[in-house]
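Report on the structure given below.
Hydrogens, waters and symmetry mates are skipped; everything else that's a heavy atom, side chains included, is used.
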Amino acid sequence: MDVISGVQKMSVGQPAGRGAVCLTCKGICSGFQPHSWRKACMQCHCSQEDHAASSDVEDDRKMGRLLADSKYAHLTAKVKGGDGLRVYKRNRMIITNPVVSRKDPTFNTITYDWAPPGLTQKLAVQYMELLPEERRPVAGTEGALYRRRQLMRQLPAYDDDPSHCHSLSEAEVKAMAQFVKSYKEEALGVGEVALPGEGGAAKENISKQKNEKGSQEQPNPEPTTNGTLEENSKKSQYHCSGCGELAALDSPVVYAERAGYDKLWHPTCFVCAECGEALVDLVYFWRKGTLLCGRHYCQSLRPRCEGCDELIFSEIFHQETNGQFWHKEHFCCWQCGQGLNVQCGCSSRRQSKPV
């Protein structure tokens with residue numbers, strides 16, 4: 001609670017997270033001081049992510065840009081007078097539970113900063129309860145902070161927005177635009193939460209059947225996961241594509257349209273195949289039969305600079321024998337800026353952690 005309050009307090013009115021507390025240094029750093037091109041703090045060298053240097057407004061704009069011009073644009077809304085700008089229609093959920101006491105009735109309110117869209121509150125709460133408590137995005141908790149940090153880590157704005165990049169040439173901007181257009185058409189997806197067997201078109205058919213039930217007789221009705229017809233045979237039908245274990249019929253799972261509705265995942269198994277982190281807000285990228293977060297999808301196709309953390313769209317760059325990539329001008333010492341091809345006087349130059 002205190003960590004979140006401190007981050008929010010210090011982030012208010014500060015451009016690009018300037019002054020946000022460092023969650024790694026624990027008080028050693030007096031606040032985020034952005035480097036001119038590294039995505040890091042000038043004082044402590046920790047990353048923007050370590051400072052959670054963003055806000056709801058910034059996150060919603062970033063997500064709006066990512067989902068715009070894709071099949072998931074319905075999850076965004078056009079900003080009035082914003083010259084085509086779209087923002088994320090982030091689904092928040094507020095749960096109010098009465099507190100039984102001898103005195104006047106009171107209520108316990110829980111606000112989730114994000115919840116899967118398009119669900120009944122009961123199913124959404126079921127989904128949340130399947131997540132580890134420390135990962136639930138309840139406002140003002142470590143779970144909400146974790147979500148914010150993962151938004152920055154998995155979906156960096158500079159992976160699809162050239163205005164967040166450092167000195168791109170016209171050719172690089174065009175290459176980036178084509179790259180983004182391609183992955184929006186071929187890989188970008190948003191997971192869908194439903195009960196097993198109710199994902200995609202099946203969900204629509206089940207909803208239609210429920211609406212028609214009682215108004216007309218249904219010949220040869222297909223069994224649903226909410227019914228009992230052939231329930232015993234269906235219990236062994238659905239297996240998680242992540243862990244391989246059975247998916248309970250009364251417990252929500254996650255579908256990925258790009259993967260096909262014959263696959264489903266337990267909520268805790270819907271993770272990036274590379275980093276193992278839960279896919280934030282269920283945003284995934286489908287590549288070669290695996291789920292990836294935005295960061296690891298992008299750098300599976302383009303090199304990422306160890307200095308500025310941006311994707312490299314230039315044909316000229318530096319590559320080390322250990323497989324690390326750098327913009328040519330960013331292959332330099334953290335302390336003095338001297339190119340690392342020439343010995344400098346900084347004793348920690350090779351120990352400086354690139355961000």
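No donor-acceptor pair closer than 3.5 Å links the side chain of Glu310 to the backbone N or O of Arg38. Under a 3.5 Å cut-off, the side chain of Lys184 and the backbone N or O of Ala68 do form a donor-acceptor pair. In this structure, His35 contributes its side chain and Trp37 its backbone to a donor-acceptor pair below 3.5 Å. Judged by distance alone, with hydrogens and angles left aside, the side-chain atoms of Arg136 form a donor-acceptor pair with the main-chain N or O of Leu131 at under 3.5 Å. Without hydrogens or angle criteria, Arg149 side chain to Glu49 main chain gives a donor-acceptor distance under 3.5 Å. Between the side chain of His164 and the main chain of Pro156, no donor-acceptor pair closer than 3.5 Å is present.
The distance from the CD atom of Gln178 to the OH atom of Tyr183 is 12.5 Å, given to the nearest 0.5 Å. Atom OG1 of Thr290 is separated from atom NE2 of His296 by 12.0 Å, given to the nearest 0.5 angstrom. For the atom pair CG (Leu155) and CG (Asp281), the distance works out to 8.0 Å, reported to the nearest 0.5 Å. The distance from the CZ atom of Arg92 to the CD1 atom of Ile94 is 6.5 Å, given to the nearest 0.5 Å. A distance of 12.0 Å separates CD in Glu274 from CD in Gln154, rounded to the nearest 0.5 Å. Taken to the nearest 0.5 Å, the CZ atom of Phe270 stands 10.5 Å off from the OG atom of Ser241.
A salt bridge does not link Asp309 to Arg153: none of the charged nitrogens lies less than 4.0 Å from a carboxylate oxygen. Taking the charged nitrogens against the carboxylate oxygens, Asp69 and Lys181 have no contact shorter than 4.0 Å, which rules out a salt bridge. For Arg295 and Asp159, the salt-bridge test fails: no basic side-chain N is under 4.0 Å from an acidic carboxylate O. A salt bridge between Asp59 and Arg148 is present, with a side-chain N of the basic residue lying under 4.0 Å from a carboxylate O of the acidic one.
Relative ring orientation between Tyr297 and Phe285 is described as parallel, the plane-to-plane angle staying below 30° on a 0-90° scale split at 30° and 60°.
When side chains are defined from C-beta on, Cys240 does not count as touching Val253, because their heavy atoms never get closer than 4.5 Å. In this structure, Trp114 and Arg147 have side chains that are in contact, with non-hydrogen atoms separated by less than 4.5 Å. Side-chain contact between Cys41 and Cys22: absent, with no pair of heavy atoms (C-beta onward) separated by less than 4.5 Å. Contact annotation: the side chain of Ile95 approaches that of Gln121 to within less than 4.5 Å [non-hydrogen atoms, C-beta and beyond]. Met176 has its side chain within reach of Leu168: a pair of non-hydrogen atoms, C-beta onward, lies under 4.5 Å apart.
Residue pairs meeting the salt bridge (charged side-chain N to carboxylate O under 4.0 Å, His left out) criterion with at least one partner in residues 166-179, sequence neighbours excluded, are Glu170-Lys174.
Under a hydrophobic-cluster definition in which Ile, Leu, Val, Met, Phe, Trp and Tyr are linked whenever side-chain heavy atoms come within less than 4.5 Å, directly or via other members, Tyr72 and Leu282 are assigned to the same cluster. Cluster membership for Leu188 and Val271, using ILVMFWY side-chain heavy atoms within less than 4.5 angstrom, is not shared.
Cation-pi contact between Lys39 and Tyr158: present, with separation from the ring centre below 6.0 Å and deviation from the ring axis of at most 45°.
Defined by atom type and a distance below 3.5 Å, a donor-acceptor pair is present between the side-chain atoms of Tyr261 and Glu192. Between Glu277 and Tyr146, the side chains place a donor N or O and an acceptor N or O closer than 3.5 Å (distance only, hydrogens not considered). Between the side chains of Gln43 and Ser30, at least one donor-acceptor pair of N or O atoms lies under 3.5 Å.
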Original post:
So Leu249 and Gln237, side-chain contact (heavy atoms from CB on, under 4.5 Å) or not? Walk me through it.
Top reply: CA-CA 10 Å; Leu249 292 176; Gln237 181 178 349; over 6 Å; no

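At most 12 heavy atoms of other shown residues, nucleotides or ligands fall within 6.0 angstrom of atom CD in Glu315.
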